[in-house]
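Note sheet for the following structure.
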Amino acid sequence: MSKEQIIIFDTTLRDGEQSPGASMNTKEKIQIATQLERLGVDVIEAGFAAASPGDFDAINKIAQVVKNSTVCSLARALERDITEAAKAIEPAPRKRIHTFIATSPIHMEYKLKMTPEQVIKKAVEAVTLAKSFVADVEFSCEDAGRSDIGFLKEISDAVIEAGAGTINLPDTVGIRMPNEIKDMISQMHAHIGKRAIISVHNHNDLGLAVANSLAAIEGGARQVECTINGLGERAGNAALEEIVMALKVREDLFNNVETKINTKEIYPSSRMIASITGIEPQPNKAIVGRNAFAHESGIHQDGVLKNKQTYEIFSPEEIGLNKDDTLVLGKHSGRAAFSDKLEKLGFKLNEDELNATFIRFKELADKKKDIYDDDLRALVTSNMTSVENAYELIALQLMDSTGGVPSAAVTIKTPEGEEITDAGIGDGTIDAVFKTIDRITGHSGRLMDYKVKSVSKGKDALASVTVQVSFNQDEPAVIGHGLSIDTMLSSARAYLGALNSYQSMKGMLKKLSSKPSEKI
Ligand code: KIV
Ligand code: ZN
């Protein structure tokens, strides 16, 4: 029996990026998109082109490098959104515009202040315009989970007529139960038939996003929208790795469908995203959590030693987790072995990036005895946050704060190339460092969040610091990452990283000349 394909639509770079603290820069997004292509996802939703110049730029660059997956941009049902989306994805060999409008009574009345007839008109205009740019158009009924099924059928008929090939029915607020989703999808499937592919996009507010996606597949959905590690708005989206492994492990139940995912790339993808965003999956997270294959009790350990299948329903190798392979390179490892290892971890670096990372690897290997996969991931991803024309930390010296006033001396190279040294005091050592950086750079940042975590194992583990800093109360706070064996050095680098991101974001905004016109 030939199987039907489940289209895996990954929205880590769009809905996933909407997770608090998960914003990524263009370099990071390109690495992730390349890894998603390697993982075998069918569609990469690379962002929301009209949201910001940074989003546009990232989608456009991804469209230039991704060849096998379809590159998609989200667009509200507005003329400017759709034209920006079309421009951004233009270089991609396979491209899609994903346009949406809300269809639930509460969204139409309070958010859109539009009648159902006006909503249908706008949806049709949006799809027609999108179709004038690309052959592949997806239409989403935002908040379909709380929409009237009769209205969903009516608007779907209209947008299919206008050229939409995929109808997405999101449970935007994550309120539905699996039997309800299956019922909605079955009814829509019976109505739409082969005229369009039915897609689902489930949020996890009640912890049911994956169960709802599987129920939707049973009901006839042939596309699922999901994210790596379940990242996404609020409680997140359905986790790609859980849907894919559920379909694989329970092939006996889902024997009429298959995905094109290379499951061996699941673990590398999960680690790359955790390393870039700084958001670790919870330890007991299904499939990719740190404890997903840890057998703690004696009875379990005994069973697994005798036969792994006593307590393991699939092997770690199936998702690309090779437990024996985590201890990697040392100070004598050469450049070729280093480059080979990075490729295995899913990173594609150009010559300059490889050289810079290799130098940092050698510096680290001098100080740290064992270097693990996660150390390498952290090294590569911390390099990606560097921007051009940035402030650079040259030296940091801390005065003993035991019983005295904490103080720091800092030397920074400005974007103009001038080296400035200054010293300052603070309420604690970190406060002293950040205040001194403020004095040198002339900015005044407000620390909104500070996180430090050890990257791998050992007393000499790398300290990864993530800060969230607000440099202007009218603008969004920015994130900075810093990495070093020394926590204070990591903190200073993270703070300066946030300032550099802020400067580069301001630079981009200046380049945006025209004001949006929202005609549709
Ligand atoms: O949750 C949602 O409804 C969305 C749509 C824009 C697809 O993210
Ligand atoms: Zn969503």
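Count residues from 1 along the sequence. In each ligand, atom 1 is the first atom listed, and ligand 1 is the first ligand listed.
Two residues are said to be in side-chain contact when any heavy atoms from C-beta on lie closer than 4.5 Å; L345 and M272 fail this criterion. Counting only heavy atoms from C-beta outward, the side chains of D42 and Q5 approach each other to under 4.5 Å. Residues I276 and K29 have side chains not in contact (no heavy-atom distance under 4.5 Å, counting atoms from C-beta outward).
Considering only residues two or more places apart in sequence or on other chains, R290 meets the side-chain hydrogen bond (donor to acceptor under 3.5 Å, both in side chains) condition with none of them. Judged as a side-chain hydrogen bond (donor to acceptor under 3.5 Å, both in side chains), and not counting sequence neighbours, E258 has no contacts.
If you look at the Zn ion (ligand 2), the protein N, O or S atoms less than 2.8 Å from it are D15 OD2, H201 NE2, H203 NE2.
In this structure, D157 contributes its side chain and E154 its backbone to no donor-acceptor pair below 3.5 Å. Formation of a donor-acceptor pair under 3.5 Å by the E241 side chain with backbone atoms of N229 is found in this model. Counting only distance, with no hydrogens or angles, the side chain of T277 and the backbone of I273 share a donor-acceptor pair below 3.5 Å.
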If you look at each N/O of ligand 1, which protein N/O atoms lie under 3.5 Å away, and at what distance?
from     : atom 1 : to   : atom 2 : distance (Å)
ligand 1 : 1 (O)  : H201 : NE2    : 3.2
ligand 1 : 1 (O)  : H203 : NE2    : 3.0
ligand 1 : 3 (O)  : T172 : OG1    : 2.7
ligand 1 : 8 (O)  : R14  : NH1    : 3.3
ligand 1 : 8 (O)  : R14  : NH2    : 3.0
ligand 1 : 8 (O)  : D15  : OD2    : 3.1
ligand 1 : 8 (O)  : H201 : NE2    : 3.1

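Between E90 and K87 there is no salt bridge, since none of the side-chain N atoms of the basic residue sits less than 4.0 Å from a carboxylate O of the acidic one.
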